[in-house]
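Written out below as C-alpha cells is the structure these notes cover.
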Amino acid sequence: MAEISIPGVSDKYKTNDYIDALMQKERVPLNHEQESLDRYKEQQSAWRDVNQKMSSLRESSRTLYSFENPFNNKLASSSDENAIDATAGRDASYDTYKVDVVKEATADKFLSVELEKNSTVPSGKYTFQVAEKTISFNWKGGKINDFITSLNKRGNNTIKASLVGVSGNKYALMIEALKTGSESNLVFKDDALKYALQNGIVEKNQKDFTAFGLSLEEFENPHVEEVVPENDQAGMPKFSTKQVSIVKTNDTEKDNRTVIPPRSGLEIAIDESLLSSLSEKIEFRYSVNAVEDITDELNARRTTRPELPDSGSASFEQLSILNESSETELPPVSDTPLTPISGEVDFFVRNADGSETKIEKTNFAENQNGEIEVAVSKADYPEISGLVVRNRNTDSEILLSPFFAYDESKMQDYVPVHAVSKAGDAVIKYEGITITRPTNKIDDVIPNVTLNVKRPTDRTATITINPDKDSAKNALIQFVGSYNQVIAEMNILSDNKPEIVTELDYLSQEEQEAANKKLGMFQGDFSLTNGKSTMRNIVTANYKWSDEAIFTMLNQIGISSRASGSSSGYNASQMRGYLEIDEKKLDSALDENLDQIKNLFGYDADGDLIIDSGIAYALDKQLTSWVQTGGIIANKNSALATKITASETNIKKLESQLDGKEAQLRQKYGHMEGTLNSLNAQSNTINNYFNSGNKNQ
C-alpha cells in the first residue's frame, strides 16, 4: 500500500526542522526582551529587600529616641514575689516602697454536696448575678456536664462552673464568680436558686444579730437623767424616766419590751465596737398602747399650792420677837389648762458631739403584726453614738423591743453551705495606712506602679523600682543587627566581590545563593554608595549634647566597627562599615550612665522640647528619604515598573509577530509539500504507464 502523505502533518520532507531553525533566529529579540524583563523584576525585588531592611532599621532607630524609648523603661522587683509583685510604668520614680498584704481579694466559690457524675439538672430558667452583671438562660434539662458547658459559654468572664472529683464516682459542682471584691457576691435566682438549695450549695441565712440596750437589772436602781422638754411643749412637765420599766415576755430577753409611759423618755448608748464600719445597721420595733390620759392629773398638779407654816417667833425672858412673814413668789397658775397630746412619738440619733438628729420617716415601716420597725444605718448617720426615744403623748405608752446591731454588708437572704472562698476585698498596708480594694491589681496607691496582690505577707515586702537595663541593651543589639543588615545589603548590590557574601557567616546556604545572584547588581549606582557613606558618617560622628556629657560617640559605649579588637592590622570585613559590640564595655556604660546613652541617640539641641539631634534621630531622617512614599526606593521601583510595563508590551508584540511568522512559514512549506506530493504522484503515474506498456509487448 502506498504511503499517505499529508502536507504540514506527516513531515515527510522534514519541514518542521527547517521551520524551527528559522524561528530560533526570529526569537532572538524576544529572548533578549524576556531577559531584560527578568532583570528588571530581580532589580525591583532587590530594592524591595533594601526597603524592608531599611524600614526595620528605621523602626529600631525610632525606638531609641521616641517617647517609648527603652531607656525610660522601669522594672519593679519584690522581696516577696509569692505574696506581692508589681509592674512599673515608664513614669514611675526610682524608689523603694514598704507594703504589707493583710488579705488578698477573693471571689465567691461554692461547692455542692456530692453528686453522681451523670446526674441531671432540671429544666428551667437559670439566673446568676455577680455585682451588676447578670447571666440568665433557659435550660431544657439534661446532664450536668452539658449544663456546665452551656453556662460557661454564657459566662462572659462573670461566672464559671466545673466538676470536682470527691471520691470514686462522686463529684461536686463548683460554681465560682470571676470577679473579686466584697461587692461582687454570687447570687442565685429563679431555678438556679432552687437547684442551689436542693443540692446544698446555699441555705437560708440566719442573721447574726448583736442585742444591746437596757437590761432588767438596770431598772432596779434607775439613774437615767430627765430630759428637757421641747419648745412646742411649753407648760408641760419635763420628760421622766423614773417610770420606765421592762416587761419580761419569756425566758429569753430577745422579745422583752421596754415600757415608756406617757410623758417619758429614754436614751440608749451604743458601744463603739458595734459601729466599726459604715455598713453597720441598728434595728428595733415598737408599738403604741392606749392608757388613761394623764392630762387632768397634770392640770391638778399645776393648780395645787403648798401650805406655808407660820413664820414663828423668838422669846427671851419677857421679850418676844416675831419673825417677818415669808416672801415666797410662786409662779402664777395659767388660765389655760393643759390639753391632751396624742400620736406624738419621736426618735432621735444622739451624735458624738451631744447634738440630736431626728430619724427620717423613711426609716420606719409597719410589719404584719402591726408593730413599727425602725432601721438606722451608720452610713446615713455617721456620727451616731446613741438613740433617744421621747413619748410626748399623754394618753399612750410605748412598748419598745430590744435593739439589734448587725453588719448590713454581710446580711444576705442565702449563704453558702460549702464555701471554698467568699467575696472579699484586698487589704494592704502602705505607709501605715490600711487600704482596701476590690481587686488584686491595685494601681492607685503608688503613682505609675501597679501592685499585684497574691497572698498575705509573712513580713513587710519591699517593692523596688529600678531601670530596665536589659530592655535598653536588647534594643541596642537590635539596632546594631538592623544596621549591619542594611550595610550588608548595600555592599552586595554595589560591589561584585564574592568575599562580601562569604564574610557573612550568619547566612544560610539558601541566603548565600540568593545574595550571590544579587552581587554587583547595582554596581555604579551612586545612590547606594552615597547612602552607605552617609550612614557610616552618622554612626561615627560626635554628638556633644551637653558640656557635662561623658558619652558623645557610639564607640565610647562599646559599639564601633573595631569593637571586638580582633585585629590591629587591615581587616577587609571591618572596613566595610559593619558595627560590632564590646558587651562588657556596653554593660558597664548601661550600669553607670543610662541617661547619657539615651541622649546620645536623641536629644533636644535647640531647647524647643523636640528631639532634633542624635544618632538615632539622624539615621531616622536619612532612612526616611529612602523608604517614604516618593522617596529614593519608591522612585527607583517606579522607573523599573515603567520598564517592566514597556518590556511586557514588547514581549506581547514580538510573540504576536513570531506567531504570524511561524504560521506564514508553515503555510509556505505546506504548499511546497503539496506541490512535491503532486509531482511525485504524476511521476508515479507515468512510470506505471510505461511499465504496463512494456509488459504488453
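As a basis for the values below, the full set of heavy atoms in this structure was taken, side chains included, without hydrogen atoms, waters or symmetry mates.
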Compare all side-chain heavy atoms of [X] with those of [Y] and state whether any distance is below 4.5 angstrom.
| X | Y | answer |
| --- | --- | --- |
| Val291 | Ile294 | no |
| Tyr286 | Leu400 | yes |
| Leu75 | Ile465 | no |
| Val374 | Arg285 | no |
| Lys74 | Val449 | no |
| Ile144 | Thr120 | no |
| Leu173 | Phe110 | no |
| Leu111 | Val420 | yes |

Pairwise distance [atom1]([X]) to [atom2]([Y]) - rounded to 0.5 angstrom:
| X | Y | atom1 | atom2 | answer |
| --- | --- | --- | --- | --- |
| Phe347 | Lys361 | CZ | NZ | 8.5 Å |
| Ile84 | Ile428 | CD1 | CD1 | 6.0 Å |
| Glu114 | Asn169 | CD | CG | 11.0 Å |
| Glu360 | Thr362 | CD | OG1 | 5.5 Å |
| Leu387 | Leu266 | CG | CG | 9.5 Å |
| Ser287 | Ile372 | OG | CD1 | 9.0 Å |

Charged N-O contact under 4.0 Å between [X] and [Y]:
| X | Y | answer |
| --- | --- | --- |
| Arg350 | Glu267 | yes |
| Glu176 | Lys109 | yes |
| Arg437 | Asp444 | yes |
| Arg90 | Glu68 | no |
| Glu371 | Arg257 | yes |
| Asp346 | Lys358 | yes |
| Glu132 | Lys179 | yes |

Side chains of [X] and [Y], donor plus acceptor under 3.5 Å:
| X | Y | answer |
| --- | --- | --- |
| Asp395 | Asn393 | no |
| Thr394 | Asp293 | yes |
| Ser182 | Asp425 | yes |
| Thr106 | Thr180 | no |
| Ser78 | Asp80 | no |
| Thr460 | Asp100 | yes |
| Lys441 | Asn452 | yes |
| Asp190 | Thr127 | yes |

Working note: Val259 + Ile398, criterion side chain to side chain contact (heavy atoms under 4.5 Å, CB included); need CA distance, chi angles, decisive distance, verdict. CA-CA 6 Å; Val259 180; Ile398 305 300; over 6 Å; no
Would you name the heavy atoms of [X] and [Y] that are closest together and state the gap between them?
| X | Y | answer |
| --- | --- | --- |
| Leu399 | Asn289 | CD1-ND2, 2.9 Å |
| Glu104 | Arg455 | OE1-CA, 3.9 Å |
| Pro262 | Ser396 | CG-O, 3.3 Å |
| Pro261 | Asn391 | O-ND2, 3.1 Å |
| Leu197 | Val202 | CD2-O, 3.5 Å |
| Ala86 | Ile463 | CB-CG2, 3.8 Å |

Got a sec, which pairs hit side-chain hydrogen bond (donor to acceptor under 3.5 Å, both in side chains) with one end in residues 148-163, sequence neighbours left out?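 side-chain hydrogen bond (donor to acceptor under 3.5 Å, both in side chains) check on residues 148-163 returns Ser150-Arg154.
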Derivation and outcome, side chain to side chain contact (heavy atoms under 4.5 Å, CB included), residues Thr339 and Thr295: CA-CA 6 Å; Thr339 58; Thr295 305; 5.6 Å; no
Would you please name every residue forming a side-chain hydrogen bond (donor to acceptor under 3.5 Å, both in side chains) with Ser471, sequence neighbours left out?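 If we apply the side-chain hydrogen bond (donor to acceptor under 3.5 Å, both in side chains) test to Ser471, skipping adjacent residues, the hits are Asn73.
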Within 45° cone and under 6.0 Å: Arg390 NZ/CZ vs Phe348 ring: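 Geometry flag: set, cation within 6.0 Å and 45°.
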Stepwise, does the side chain to side chain contact (heavy atoms under 4.5 Å, CB included) test hold for Ile384 with Ile270? CA-CA 8 Å; Ile384 183 173; Ile270 304 175; 3.9 Å; yes
Looking only at atom types and distance, does a side-chain atom of [X] sit under 3.5 Å from a main-chain N or O of [Y], one as donor and one as acceptor?
| X | Y | result |
| --- | --- | --- |
| Ser123 | Gly141 | no |
| Gln129 | Ala131 | yes |
| Asn69 | Asn72 | yes |

Contacts of Asp353 that satisfy side-chain contact (heavy atoms from CB on, under 4.5 Å) - sequence neighbours left out: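 With sequence neighbours excluded, Asp353 shows a side-chain contact (heavy atoms from CB on, under 4.5 Å) to Asn351, Ser355, given in chain and number order.
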Sole candidate of Leu151, Thr134, Asp108 that passes side chain to side chain contact (heavy atoms under 4.5 Å, CB included) when paired with Ile159: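 The single option meeting the side chain to side chain contact (heavy atoms under 4.5 Å, CB included) with Ile159 is Leu151.
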Atom [atom1] of [X] with >12 non-hydrogen neighbours under 6.0 angstrom:
| X | atom1 | value |
| --- | --- | --- |
| Lys454 | NZ | yes |
| Asp95 | CG | yes |
| Lys125 | NZ | no |
| Lys170 | NZ | yes |

Applying side chain to side chain contact (heavy atoms under 4.5 Å, CB included), run through Phe403 and Ile268 and close with a yes or a no. CA-CA 9 Å; Phe403 296 83; Ile268 302 295; 3.7 Å; yes
Using 30° and 60° as the class boundaries, would you call the ring planes of Tyr195 and Phe147 parallel, tilted or perpendicular?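 If you compare the ring of Tyr195 with that of Phe147, the planes turn out tilted.
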Mind checking whether Phe128 and Phe188 have parallel, tilted or perpendicular rings, split at 30° and 60°?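 Geometry flag for Phe188 against Phe128: perpendicular rings.
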